[in-house]
Amino acid sequence: MANMAQAIRMALHYGEENLGLQEVFGEDVGPPLGGVFTATQGLKTTWNSPLDERGIIGAATGLGFAGVRCVAEIQFCDYIYNTIDLLKIAGNACWSSNGDWNLPMTVMTPVGSGIRGSIYHSHSFDATATHIPGWKIVMPSNPLDAYGLMIACLKDENPTLFLKPKALLRVKGEDAIPGEPGLDKDGEKKLREMIDAPLGDRTKWKAQWPKGLTDFTVPIGKGKTVRPGEHLTLVSYGRTLPLCAMAADQLLKEGHSVEVIDMRTLWPYDWDLISQSIRKTRRVVFVNEETEVTNFGEHLIRRTVDELFYELEARPRLLAGKFTPGIGLADPLEMATQPQLQNILEMSREVIQERP
Amino acid sequence: MANMAQAIRMALHYGEENLGLQEVFGEDVGPPLGGVFTATQGLKTTWNSPLDERGIIGAATGLGFAGVRCVAEIQFCDYIYNTIDLLKIAGNACWSSNGDWNLPMTVMTPVGSGIRGSIYHSHSFDATATHIPGWKIVMPSNPLDAYGLMIACLKDENPTLFLKPKALLRVKGEDAIPGEPGLDKDGEKKLREMIDAPLGDRTKWKAQWPKGLTDFTVPIGKGKTVRPGEHLTLVSYGRTLPLCAMAADQLLKEGHSVEVIDMRTLWPYDWDLISQSIRKTRRVVFVNEETEVTNFGEHLIRRTVDELFYELEARPRLLAGKFTPGIGLADPLEMATQPQLQNILEMSREVIQERP
Amino acid sequence: MKKTSETKLDPKLLIKIHDLMVRGRKLEERLIRMYKQNDGYFWIGGPGEEAFNVPLGLQVSKGTGLDHDYLHLHYRSSAILLAMGIEPLDAFRQMKNTATDPFSGGRNFSNHFSVRKWNVPPITSTIETQYAVAIGTGLAQRKSRRPNCKGITLVNGGDAGTAEGEFASSLVWASRPNEELPILLIVTNNEWGISTAANTQHGERSIADRGKAFGIKTAVVNGNDVEEAWEAIRQAMEYVRTERKPFLMEARVSRLYGHSSASGANRVEGEADCLALFETKLEKAGVLSRKEMDSIHDKYEVEMREKAAQAKTEPMPDPGSIYDFTYYKQRGKYF
Amino acid sequence: MKKTSETKLDPKLLIKIHDLMVRGRKLEERLIRMYKQNDGYFWIGGPGEEAFNVPLGLQVSKGTGLDHDYLHLHYRSSAILLAMGIEPLDAFRQMKNTATDPFSGGRNFSNHFSVRKWNVPPITSTIETQYAVAIGTGLAQRKSRRPNCKGITLVNGGDAGTAEGEFASSLVWASRPNEELPILLIVTNNEWGISTAANTQHGERSIADRGKAFGIKTAVVNGNDVEEAWEAIRQAMEYVRTERKPFLMEARVSRLYGHSSASGANRVEGEADCLALFETKLEKAGVLSRKEMDSIHDKYEVEMREKAAQAKTEPMPDPGSIYDFTYYKQRGKYF
Ligand SMILES: Cc1ncc(C[n+]2csc(CCOP(=O)(O)OP(=O)(O)O)c2C)c(N)n1
Ligand SMILES: Cc1ncc(C[n+]2csc(CCOP(=O)(O)OP(=O)(O)O)c2C)c(N)n1
Ligand SMILES: [Mg+2]
Ligand SMILES: [Mg+2]
């Protein structure tokens with residue numbers, strides 16, 4: 001099975017060949033590195049940009065205006081915070097011209113904790129991003145979705161933001177990406193040999209792309225129920241999604257049936273799916289790893305309260321990153337700051353057992 | 001009575017004379033203009049900076065490290081969005097050095113709608129600001145609080161952010177600022193002559209500051225109940241606060257007793273005051289004019305739900321700016337996008353009348 | 001009429017430029033009048049930049065797509081767009097923020113144009129961000145990717161704004177070895193940023209000098225002189241168009257009505273008026289007589305009065321439309 | 001021992017510099033070893049910059065407050081701080097992210113120092129932001145406000161980072177007429193930004209050239225040559241300290257172990273090693289013998305091994321401390 005970095009790479013390759021993708025760029029995105037997380041190795045249209053995030057976002061915007069489809073990378077989302085004005089401008093281009101212009105462009109950036117990234121390589125971007133109108137925002141939790149969401153971004157006529165949960169980029173999927181070569185250990189090895197850049201000299205290396213890659217698309221705006229359940233709904237995305245699924249499996253053994261929803265798209269999101277689940281379970285916890293104050297999960301709680309207040313049997317809850325100025329490097333600090341499996345289990349039990 | 005711009009000016013003057021304020025700067029902050037909203041006219045230490053917001057925030061941070069107390073202005077909060085990384089860095093200076101450094105610095109910036117500022121002069125900053133740890137954030141709704149909150153900022157040892165509701169900057173207060181010269185029309189005229197820069201040539205003009213200005217301080221972290229009530233709590237700040245007070249007065253005539261809380265400090269905020277009020281009224285609407293998705297009011301709803309869920313008799317609600325990529329210039333657009341008195345009245349009635 | 005020693009350009013062209021300059025000036029003055037008569041909330045514009053902006057607009061390769069020029073403009077660019085062919089009525093509609101405003105549907109400030117058919121993305125009020133965005137259309141047109149591309153990218157902005165990082169970004173990105181971008185970078189230097197005098201902020205001898213370290217060709221141009229401006233723009237455009245490399249041009253211009261309506265929008269004493277200067281020259285050279293020119297003024301005075309009056313009668317946007325076009329072709333609340 | 005024709009500086013000083021260079025190199029190599037032995041999550045540092053950084057650290061006016069120098073450093077600055085007097089043990093504590101780490105309490109990456117008593121604000125990983133912050137201490141020390149101030153501001157960073165807007169901001173702000181700032185702006189050019197070669201990104205002939213348009217004094221220095229670096233730094237510091245004006249210095253340096261542990265942190269072939277070069281020179285000049293130098297190497301090898309071992313025994317931070325010092329002197333959850 002491909003890991004998420006490989007999945008993204010294959011989707012970008014498919015995009016170059018079939019969807020008019022013409023420019024993939026950012027810091028260290030081109031050869032020899034192909035991205036600090038290898039997500040752009042071996043592609044045809046990659047190149048290394050100057051070390052200038054404002055230039056990168058401006059460039060992507062201009063390429064969008066020019067109708068040249070691009071994927072621009074910000075190396076870590078921690079470094080996107082000097083471009084919020086430009087992201088707002090990209091997000092308002094269609095609206096402020098009253099529909100005259102549209103702006104096809106994709107920005108991707110690794111987010112979140114889980115690699116001991118300390119203060120400047122661990123932050124998330126979902127709170128700030130969901131506060132910027134005009135963008136569509138996706139965040140996969142597995143390689144197949146990563147592939148399908150990237151294809152969706154490359155087809156969209158609007159600015160799209162693809163958030164890469166960095167802790168999951170090297171994690172292999174459970175579901176096959178249509179076209180990837182064989183799903184056993186052999187297939188994995190083969191895939192690595194085909195599309196992972198070799199160690200050492202890479203000047204002569206060319207990727208061998210799997211032939212059968214398809215148009216497999218995960219539509220923007222559609223979430224997915226990854227565990228069905230009756231007693232509690234866990235809503236999450238990105239790094240914490242697999243933890244929620246693990247928590248559900250564990251809780252099932254304890255006799256609690258927990259539904260887990262992978263939002264996949266953060267904006268505009270699949271409220272139908274979420275609200276139907278909450279109507280059924282009447283209990284919900286939103287889980288993400290962003291700092292918790294003015295957090296996107298708080299929006300989801302607001303909407304839950306707005307529309308489902310009288311159907312709830314327990315307080316809707318948020319489990320998110322602690323409101324600290326950074327994520328400390330030392331293990332006990334990162335563990336105490338960011339939501340872990342144990343925290344999800346604890347809060348889930350609490351909510352399931354909550355009685356007025 | 002002084003208006004809010006005059007109040008800020010007097011507080012800054014007091015700061016220059018008594019609190020070690022040494023640098024007041026930003027775009028057009030110095031002579032001849034003294035700020036696009038006149039809040040820095042006549043001061044001793046003002047100067048005009050280059051047109052460079054990133055430089056301004058960096059400069060303020062460095063002055064803070066140097067122990068030189070400053071107030072840096074960003075001309076409109078719409079133009080602070082390219083500095084979020086720098087604001088995060090200022091907010092983490094103490095924490096990331098494990099308490100070694102502190103950073104006394106104040107940033108002020110006009111926020112919000114109400115002057116037909118269209119797409120780039122109407123946005124707010126409370127959602128983004130409250131998501132940045134390490135700052136203290138204040139926002140007055142009247143001149144006296146503006147004075148007292150600025151004094152508090154100038155005394156604080158940490159980064160402080162002073163948000164100026166631009167629609168209220170020319171509005172006169174109801175409460176006297178200790179030391180301002182007479183509170184009638186004559187006094188107002190006198191104050192204008194003393195501290196408002198004249199039209200025309202200003203090269204020879206010097207402000208005549210009122211002699212009796214004091215150390216009057218509104219402590220950071222303390223809200224204020226501006227209308228007592230029993231049936232509903234309205235929690236707001238800035239431009240929408242006076243509208244909430246007007247709504248309460250109107251609703252009283254309709255037989256509804258509405259408590260209005262002016263948060264004054266957005267972070268760290270006066271949860272005691274807010275929660276006690278909600279415990280009493282069991283109904284609450286949070287009102288602000290920021291775009292509504294991933295909005296600070298949603299944090300307040302989350303906390304309300306977290307701590308007071310079983311005491312609520314109606315859904316806690318948010319009234320905020322619509323989630324559009326900008327605030328349209330035309331009157332019908334701004335009116336439909338930003339919360340107005342009428343919207344507050346309607347939502348208040350709805351919540352008061354809500355029955356499960 | 002013949003080319004005289006006083007003038008270098010073809011008299012026909014001079015007459016055309018003059019016509020557009022007068023029309024542009026009248027347009028701005030009418031916008032100011034509308035603001036003062038409460039027919040708009042805010043004015044900002046470009047009176048005083050006509051001698052530079054009209055020659056620029058006339059020399060643009062106008063059209064849609066990569067083989068035409070992209071223009072990333074700021075709020076003083078009305079004369080460029082007028083020379084390209086926009087309708088003054090539409091500018092009045094935007095000032096009056098009517099639903100019929102074709103640039104923004106009543107959403108944006110006056111002089112914040114957007115013309116997709118001519119490769120003009122929405123003008124933003126945010127100073128200097130257009131220099132970052134211009135990188136992108138420059139990339140789209142660069143030689144290393146599209147060797148036969150005929151279009152170039154133009155970007156303009158003020159002097160004070162060059163203190164923002166995006167100005168430096170545009171120099172860095174435009175001059176990468178073997179990846180040079182075909183961008184004409186323009187700075188209109190009026191020596192002011194709102195109330196702040198340039199000489200209190202700029203340590204540079206000239207702003208154009210900042211291009212030199214990057215090996216970018218530069219020029220400082222008297223933007224109050226039509227013929228000098230025409231020729232400088234012509235040469236710079238030709239260089240960018242054929243060499244596919246960047247060029248940084250600083251044009252010295254006047255700010256005839258102050259910064260914006262926020263500072264009163266009154267005529268400022270002591271600033272050179274490029275239109276008056278040009279008319280003196282035209283009269284002296286015998287290209288146009290005072291009387292002929294007066295009648296042009298009168299004609300456009302009437303045009304602008306009538307068109308402004310028309311704009312005032314048009315409907316306001318519908319409050320129900322606030323969510324429209326958050327996304328392409330989307331209407332109504334979508335979430 | 002006497003000053004020879006081979007060397008320009010006092011041999012005592014050369015010996016001191018050599019001693020610090022060896023100690024600095026051993027420190028970095030031990031940090032790398034710790035990373036490789038899983039005694040830390042990440043390494044980034046400055047091996048290869050000692051010939052420039054030690055002379056810099058030794059010439060700083062070290063202390064607290066405006067009459068001493070402020071240093072806005074990046075993550076390759078260990079040799080500067082070692083020359084100023086930090087304890088290697090403390091660097092190991094930060095690598096091991098122990099509670100005893102005096103720079104960040106186990107919160108930040110290795111080589112992210114913070115030393116308030118010496119005017120060193122916390123090093124941030126965010127490329128180039130230190131150039132914006134440096135403006136502030138420069139303002140605090142500027143002549144127009146503090147005519148008798150003795151301190152200056154120093155800032156350093158890499159070559160690739162100069163593409164960020166803050167680098168331009170620092171030039172703009174430092175050179176305002178009559179408001180010049182006493183800042184020594186340093187760019188350590190190792191010709192790489194992670195995997196990206198400088199020659200694919202820089203159109204400038206030299207980065208230092210970018211100061212020229214602003215009238216800023218500039219120099220390009222061989223940062224692999226101790227004596228050239230010492231003298232260049234001395235002159236530049238003297239200029240900034242007495243003239244109270246900015247100076248932009250580009251130092252050409254080596255990146256001996258690649259970018260960081262993310263690229264393996266292995267010794268790179270073909271990069272000039274300033275320490276080896278210096279030792280050849282010292283030997284040739286008769287200042288130190290190979291044997292003497294070997295014993296210095298051995299001494300610091302032992303020192304570093306022992307101190308790293310000590311750091312490993314120290315406690316991790318308490319998870320209950322995560323909120324501490326969000327604000328000054330605050331402890332525990334405050335909201
Ligand atoms: C990013 C940003 N900061 C501040 C402002 C407010 N502002 C509008 S125009 C202006 C001055 C611009 O001066 P200059 O660049 O010289 O252009 P000019 O108006 O003189 O043509 C300022 C500070 C803004 N619009 N955008
Ligand atoms: C704002 C920002 N963008 C990107 C990064 C990721 N990053 C870390 S080091 C580096 C390269 C820096 O190169 P240079 O400035 O030449 O310094 P060097 O490491 O070579 O000394 C990059 C891109 C970052 N830390 N900060
Ligand atoms: Mg100007
Ligand atoms: Mg480098």
Side-chain angles (χ1 to χ4, degrees), chain B residues 22-23 25 45 47-70 72 82-83 85-105 133-136 156-160 220-221 267-271 299 303, chain D residues 64-66 70 72 99 101-108 112-117 119-124 126 129-141 144-146 151 153 155 164-166 168-170 172-173 176 179 317 321-331 334-335:
Chain B
Q22 295 184 51
E23 306 274 358
F25 65 101
T45 65
W47 50 278
N48 295 328
S49 77
L51 204 177
D52 174 19
E53 289 76 17
R54 293 183 60 73
I56 291 169
I57 300 297
T61 306
L63 284 162
F65 281 132
V68 172
R69 210 168 262 283
C70 72
N82 61 350
T83 70
D85 60 326
L86 293 170
L87 297 174
K88 286 176 72 180
I89 286 172
N92 82 20
C94 182
W95 185 90
S96 70
S97 66
N98 209 26
D100 192 25
W101 280 94
N102 71 308
L103 198 49
M105 66 185 270
W135 285 76
K136 298 184 181 178
D156 207 278
E157 292 177 298
N158 301 286
T160 51
I220 292 179
W267 192 269
Y269 56 85
D270 196 344
W271 180 241
H299 165 72
R303 187 141 186 200
Chain D
T64 309
L66 296 171
Y70 282 85
H72 304 273
D101 152 25
F103 309 123
S104 72
R107 290 173 170 179
N108 212 341
H112 283 59
F113 302 102
S114 168
V115 190
R116 186 172 193 165
K117 66 174 184 228
N119 287 346
V120 181
I123 291 179
T124 55
T126 47
T129 52
Q130 70 273 25
Y131 289 81
V133 175
I135 293 168
T137 55
L139 283 167
Q141 296 172 317
S144 73
R145 274 292 208 265
R146 279 185 191 74
T153 287
V155 53
E164 300 270 10
E166 299 93 283
S169 290
S170 72
V172 168
W173 287 68
R176 293 172 57 225
E179 294 288 340
S321 70
I322 58 169
Y323 291 107
D324 291 359
F325 309 120
T326 299
Y327 300 113
Y328 199 41
K329 297 184 178 157
Q330 160 264 327
R331 286 184 179 259
Y334 64 93
F335 61 96

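Chain identifiers are assigned alphabetically (A, B, ...) following the order of the sequence lines, protein sequences preceding nucleic acid strands; residue numbering begins at 1 within each chain. Here the structure is a predicted model, which is why all the values come from computation and not from measurement. These numbers come from the heavy atoms of this one structure, side chains and all, not from hydrogens, waters or symmetry mates.
Among the candidates D:Arg176, D:Gln330, D:Gln130, the residue making the largest number of heavy-atom pairs closer than 4.5 Å to chain B is D:Arg176. Of all the listed residues (D:Gln141, D:Arg146, D:His72), the one sharing the greatest number of non-hydrogen pairs under 4.5 Å with chain B is D:Arg146. Chosen from D:Tyr323, D:Trp173, D:Phe335, D:Tyr70, the residue pairing most often with chain B at heavy-atom distances under 4.5 Å is D:Trp173. Of the listed residues (D:Asp324, D:Thr153, D:Thr129), the one with the most heavy-atom contacts under 4.5 Å to chain B is D:Thr129. Chosen from B:Gly62, B:Ser49, B:Pro104, the residue pairing most often with chain D at heavy-atom distances under 4.5 Å is B:Gly62. Options B:Ile89, B:Asp100, B:Ile57 differ in how many heavy-atom pairs under 4.5 Å they form with chain D, and the most are formed by B:Asp100. Each of D:Val115, D:Asn108, D:Ile123 has some count of heavy-atom pairs under 4.5 Å with chain B, and the biggest count is that of D:Val115.
Defined by atom type and a distance below 3.5 Å, a donor-acceptor pair is missing between the side-chain atoms of D:Thr126 and B:Asp85. A side-chain N or O of D:Ser144 and one of D:Glu179 form a donor-acceptor pair less than 3.5 Å apart.
Only the side chain of D:Thr124 comes within contact range of chain B, with at least one heavy atom under 4.5 Å from a heavy atom of that chain. Looking at D:Thr137, the atoms closer than 4.5 Å to chain B (heavy atoms on both sides) sit in the backbone and in the side chain alike. Residue D:Arg331: no heavy atom, backbone or side chain, is found under 4.5 Å from chain B. Neither the backbone nor the side chain of B:Arg69 comes within less than 4.5 Å of any heavy atom in chain D. D:Tyr327 touches chain B through backbone and side chain together, each having a heavy atom under 4.5 Å away. Interface residue D:Ala140: backbone and side-chain heavy atoms are both found under 4.5 Å from chain B. With a threshold of 4.5 angstrom between heavy atoms, B:Asn158 approaches chain D through side-chain atoms but not through N, CA, C or O. Both the backbone and the side chain of D:Arg116 come within less than 4.5 Å of a heavy atom of chain B. At a 4.5 Å heavy-atom cutoff, the contact between B:Ile56 and chain D is made by backbone and side-chain atoms alike. Neither the backbone nor the side chain of B:Trp271 comes within contact range of chain D; no heavy atom of the residue lies under 4.5 Å from a heavy atom of that chain. The contact between D:Val120 and chain B is made entirely by backbone atoms, counting heavy-atom distances below 4.5 Å.
Not one N or O on the side chain of B:Glu23 forms a donor-acceptor pair closer than 3.5 Å with the backbone of B:Ala60. Using modelled atom types, no side-chain atom of B:Thr83 and backbone atom of B:Arg54 make a donor-acceptor pair closer than 3.5 Å. Between the side chain of B:Trp267 and the main chain of B:Gly134, no donor-acceptor pair closer than 3.5 Å is present. Under a 3.5 Å cut-off, the side chain of B:Asn102 and the backbone N or O of D:Tyr328 do not form any donor-acceptor pair. The main-chain N or O of B:Asn98 is never found under 3.5 Å from a side-chain atom of D:Arg107 such that the two would form a donor-acceptor pair.
The shortest side-chain heavy-atom distance between D:Pro122 and B:Trp95 does not fall under the 4.5 Å cut-off. By the 4.5 Å heavy-atom criterion applied to side chains, D:Arg145 and B:Thr45 are counted as neighbours.
Take B:Pro159 and apply the side chain to side chain contact (heavy atoms under 4.5 Å, CB included) test, not counting sequence neighbours, and it matches B:Leu103, B:Met105, B:Trp135. By the side chain to side chain contact (heavy atoms under 4.5 Å, CB included) test, B:Asn92 is found to be paired with A:Ile119, A:Tyr120, A:Pro325, B:Ser96, residues two or more places apart in sequence or in another chain being considered.
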